[in-house]
Amino acid sequence: MPYDVAKSCGKWKHYSNSDNYEQIMAKLGYGTEMFEKIRQMEFPVESSLEGNVLKYKVDFGQKIIANSYTLGAEEEETDPAGKKKKVVYTMEGDSLVSVYADYDGKGLCVRSSRHFVDDNTIHTDIKVGDLEGWTISKKC
């Protein structure tokens with residue numbers, strides 16, 4: 001069954017992560033303070049999939065980020081820090097996959113793959129360069 005985008009609507013909270021997740025966040029350019037903030041925040045998410053157009057809107061507290069993607073096509077995305085990045089989203093089996101071929105402008109490849117464990121739990125595998133880890137988010 002493909003990834004059900006509509007199920008990702010609602011408030012989500014970081015639940016658990018791999019032991020090296022803080023290293024992964026640092027490699028992505030997020031410091032310890034941001035890592036701790038993400039662990040404490042609840043993120044309201046609105047999402048939809050119409051044909052092959054995926055839309056996401058995430059409330060990061062003081063900043064709302066809205067992006068739209070055509071599945072399989074390279075698109076520009078604005079991240080929570082306001083930086084623009086190129087990304088390709090695809091559906092692979094029951095997972096929603098995003099690939100940033102050049103995340104930092106220096107060739108750093110980032111791949112994340114999300115799938116539902118159940119209606120209230122998303123497991124995300126992430127690979128940042130040579131680091132691999134995971135995170136679990138729970139619906140509030």
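When reading the values below, keep in mind they use all heavy atoms of this one structure, side chains included, and skip hydrogens, waters and symmetry mates.
Closest approach of Ser68 to Val53, counting heavy atoms only: OG-CG1, 3.5 Å. Here the closest non-hydrogen pair linking Cys140 and Lys13 is SG-CB, 3.7 Å. Nearest approach of Tyr3 to Met91, heavy atoms of both residues: CB-SD, 3.7 Å. Residues Ser8 and Tyr56 share a closest heavy-atom pair of OG-OH, 3.5 Å. Taking each heavy atom of Ser95 and His115 in turn, the nearest pair found is OG-CB, 3.6 Å. Scanning both residues, Lys27 and Leu108, for their nearest heavy atoms gives O-CD2, 3.8 Å.
Proximity of a side-chain donor or acceptor of Lys139 to a complementary backbone N or O of Cys9 within less than 3.5 Å is detected. Asn67 places a side-chain N or O within donor-acceptor distance of the main-chain N or O of Thr78, the cut-off being under 3.5 Å. Looking at Asn20, its side chain never comes within 3.5 Å of a backbone N or O of Gln23 through a donor-acceptor pair.
Counting heavy atoms of neighbouring residues, nucleotides and ligands inside a 6.0 Å radius, atom NZ of Lys11 does not exceed 12 of them. In this structure, Asp19 places its CG atom where only 12 or fewer heavy-atom neighbours from other residues, nucleotides or ligands lie under 6.0 Å away.
No continuous path of hydrophobic side-chain contacts links Val117 to Ile126 [ILVMFWY only; heavy atoms under 4.5 Å]. Grouping the Ile, Leu, Val, Met, Phe, Trp and Tyr side chains by contacts below 4.5 angstrom, directly or via other members, places Val97 apart from Val110. The cluster map of Ile, Leu, Val, Met, Phe, Trp and Tyr, joined by side-chain heavy atoms under 4.5 Å apart, puts Ile24 and Tyr30 in the same cluster. Taking hydrophobic clusters as Ile, Leu, Val, Met, Phe, Trp and Tyr residues chained together by side-chain heavy-atom distances below 4.5 Å, Leu54 shares a cluster with Val45. Connection of Phe60 to Met25 is established within a shared hydrophobic cluster, with ILVMFWY side chains joined at heavy-atom distances below 4.5 Å, either directly or through further cluster members.
Between His123 and Trp134, the ring planes are parallel. Angles under 30° get that label, and only those over 60° would be called perpendicular.
Rounding to the nearest 0.5 angstrom, the gap separating the CG atom in Asn120 from the OG atom in Ser137 is 12.0 Å. Here the OH-CD distance, from Tyr89 to Glu77, works out to 4.5 Å after rounding to the nearest 0.5 Å. We find the CZ-OG1 distance between Arg39 and Thr135 to be 9.5 Å, quoted to the nearest 0.5 Å. Ile64 CD1 to Lys57 NZ: the interatomic distance, rounded to the nearest 0.5 Å, is 5.5 Å. Once rounded to the nearest 0.5 Å, the distance linking CD of Glu42 with CG of Asp59 reads 11.0 Å. The OG1 atom of Thr124 sits 9.0 Å away from atom CG of Leu96, with the distance rounded to the nearest 0.5 Å.
Salt bridge absent: Lys86 and Asp102 never bring a charged side-chain N and a carboxylate O closer than 4.0 Å.
With a 4.5 Å cut-off on side-chain heavy atoms, Asp125 and Glu132 do not count as touching. Within the 4.5 Å cutoff, the side chain of Leu49 has heavy atoms near those of the Leu71 side chain.
With hydrogens and angles left out, the side-chain atoms of Thr32 and Glu22 include a donor and acceptor closer than 3.5 Å.
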Practice item. Assess whether side-chain hydrogen bond (donor to acceptor under 3.5 Å, both in side chains) is satisfied between Ser112 and Ser98, documenting all intermediate values. Key: CA-CA 5 Å; Ser112 61; Ser98 55; 2.7 Å; yes
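For the pair Lys138 and Tyr15, the cation sits on the ring face: its NZ or CZ lies under 6.0 Å from the ring centre, inside 45° of the axis.
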